[in-house]
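Remarks on the structure that follows.
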Amino acid sequence: MRLLILGGTGGLGRELARRGGPHVMAAGSRDADLRDPVQVRSLVRRVRPDVIVNAAYRQDDWAVTADGAAHVALAAVSSGARLVHVSSDAVFSGASGSYDESCPPVPATMYGAAKAAAETAVRAVDPGAVIARTSLIVGGPQTVIVARVHAGGVFFTDDVRCPVHVGDLAAALLELAVSGRAGVHHVAGADAVSRYELARLIAGRDGLDVSTVTAGTRAAAGLTGAADVRLDSTATQAVLNVALRGARSFLTPAGGRG
């Protein structure tokens, strides 16, 4: 299987490349600017992938996140490649707490709106594609939340997500890629935890002083946007071989690899 990973220089992209076999290209922005459909088509024609995993995004750039997803979907259809598009729990406002795959996007931020627009474009252009919504990705120091814990800062007790281990997520995406399944799938961890609890778990795993992790609240910081977004991955877990472990499992010694 020839695999093209877009967003290949990030933590998830590197994990996908490590697991993807001998015929993998992990592409970053230097290989193709996703805002330019000509560059995207050229890259896909050059690599001739069987599967494209689009894990690329920029929170502050609508064109990369939304327009880029459309360009990738068009290139995938044109080349006959299977597409797995990585989306986010940011497409939800948090008003309902728990969300399964049947829930339509209701974003509360511009980034969430861009991810929702990307989903719409992918579904319209390539109905056979997989749209995999995930949550906070936890792995080594290259993953965003882990880097933040090591750098220090305030972590909110009223901001709840379902973190997923980067290895579990990568394995699930590759499994979905060869499954023949289509449409929206939720690929998040089994535990709903606050960012504060997650930061303490990461600090404990990495041998940091847990007592130095500072608690705060979104409310006190005056932040708007989604506070409690719990992806219900029950339906997707039922069709996967890989276990989508919760953070309390994979970030403690009893959880095995972490």
Side-chain angles (χ1 to χ4, degrees), residues 5-20 26 28-29 53-60 65 86-90 109 111-112 115 132-174 186-218 221 223 225-231 233 242-258:
I5 303 164
L6 301 173
T9 59
L12 174 58
R14 285 195 285 265
E15 183 67 16
L16 284 164
R18 188 179 73 82
R19 293 169 175 264
S29 57
V53 179
N54 182 17
Y57 73 96
R58 282 189 59 179
Q59 289 201 2
D60 60 348
T65 303
V86 181
S87 190
S88 167
D89 58 10
T109 64
Y111 173 61
K115 293 299 277 187
R133 293 178 183 145
T134 192
S135 189
L136 295 175
I137 301 172
V138 181
Q142 76 277 13
T143 49
V144 174
I145 186 65
V146 176
R148 283 203 60 219
V149 172
H150 281 250
V154 175
F155 296 89
F156 299 137
T157 58
D158 57 350
D159 192 320
V160 178
R161 297 293 187 273
C162 293
V164 64
H165 190 276
V166 66
D168 296 349
L169 176 57
L173 294 175
L174 293 173
H186 284 184
V187 189
D191 296 337
V193 300
S194 70
R195 288 181 187 261
Y196 175 68
E197 181 182 356
L198 179 62
R200 287 175 60 86
L201 288 168
I202 292 169
R205 180 199 67 174
D206 293 353
L208 305 176
D209 184 352
V210 174
S211 68
T212 65
V213 177
T214 303
T217 65
R218 292 176 63 92
L223 295 179
D228 187 341
V229 181
R230 309 175 189 219
L231 289 188
S233 301
V242 63
L244 299 171
R245 298 169 296 160
R248 298 186 188 99
S249 172
F250 64 72
L251 287 172
T252 58
R257 63 183 175 84

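Heads up: numbering here begins at 1 and tracks the sequence. None of these values were measured; they are calculated from a predicted model.
- Every ring-ring contact (aromatic ring centres under 6.0 Å, His included) that Tyr111 has, sequence neighbours left out, goes to Tyr57.
- Annotation: side chain of Phe250 is not in contact with side chain of Val164 (no heavy-atom distance under 4.5 Å).
- With Ser249 contributing its side chain and Arg245 its backbone, the two residues share no donor-acceptor pair below 3.5 Å.
- Residue Ser87 comes nearest to Lys115 through the heavy atom pair CA-CE, 3.7 Å, listed as atom of the first residue, atom of the second, then distance.
- Taking 4.5 Å as the limit, some side-chain heavy atom of Arg148 sits within range of a side-chain heavy atom of Phe155.
- Applying the salt bridge (Lys or Arg N to Asp or Glu O under 4.0 Å) criterion to Arg58, with sequence neighbours excluded, gives Asp60.
- Not one N or O on the side chain of Ser194 forms a donor-acceptor pair closer than 3.5 Å with the backbone of Val160.
- Applying the side chain to side chain contact (heavy atoms under 4.5 Å, CB included) test to Thr9 and every residue at least two apart in sequence or in another chain returns nothing.
- Every residue was checked against the side chain to side chain contact (heavy atoms under 4.5 Å, CB included) condition with Ala190, not counting sequence neighbours, and none meets it.
- In this structure, CG on Leu198 lies 6.5 Å from CG on Leu251, to the nearest 0.5 angstrom.
- Side-chain contact between Pro163 and Val193: present, with at least one pair of heavy atoms (C-beta onward) separated by less than 4.5 Å.
- In terms of the side-chain hydrogen bond (donor to acceptor under 3.5 Å, both in side chains) criterion, Thr212 has no residue partners (sequence neighbours excluded).
- For the side chain to side chain contact (heavy atoms under 4.5 Å, CB included) with Leu12, the qualifying choice from Val53, Ile5, Thr143, Leu173 is Leu173, the only one to do so.
- Every residue was checked against the side chain to side chain contact (heavy atoms under 4.5 Å, CB included) condition with Val144, not counting sequence neighbours, and none meets it.
- For the pair Leu201/Arg205, no side-chain contact is recorded, criterion being any heavy-atom separation below 4.5 Å from C-beta on.
- Side chains of Leu174 and Leu16 form a contact here, defined as non-hydrogen atoms less than 4.5 Å apart.
- With sequence neighbours excluded, the residues that form a side-chain hydrogen bond (donor to acceptor under 3.5 Å, both in side chains) with Arg230 are Asp228.
- You'll find the side chain of Leu244 reaches within 4.5 Å of the side chain of Val187, heavy atoms only.
- Contacts classified as salt bridge (charged side-chain N to carboxylate O under 4.0 Å, His left out) and involving residues 150-160 (residues at least two apart or in different chains) are given here: Asp159-Arg161, Asp159-Arg195, Asp159-Arg218.
- Taking the side chain as every heavy atom from C-beta outward, Ile145 and Ile137 never approach each other to under 4.5 Å.
- Judged as a side chain to side chain contact (heavy atoms under 4.5 Å, CB included), and not counting sequence neighbours, Ala147 has no contacts.
- Leu231 and Cys162 make their closest contact through N-SG, 3.8 Å (heavy atoms, listed as atom of the first residue, atom of the second, distance).
- Applying side chain to side chain contact (heavy atoms under 4.5 Å, CB included) to Val154 and the options Val213, Thr217, Thr214 leaves one that passes, Thr214.
- With sequence neighbours left out, the side-chain hydrogen bond (donor to acceptor under 3.5 Å, both in side chains) criterion links Arg18 to Glu15.
- No side-chain heavy atom of Asn54 sits less than 4.5 Å from a side-chain heavy atom of Val86.
- The two residues Ala170 and Arg19 have their closest heavy-atom pair at CB-CD, 3.8 Å.
- Screening residues 132-141 for side-chain hydrogen bond (donor to acceptor under 3.5 Å, both in side chains) gives Asp89-Ser135, Glu119-Arg133, Arg133-His186 as the qualifying pairs, with residues at least two apart or on separate chains.
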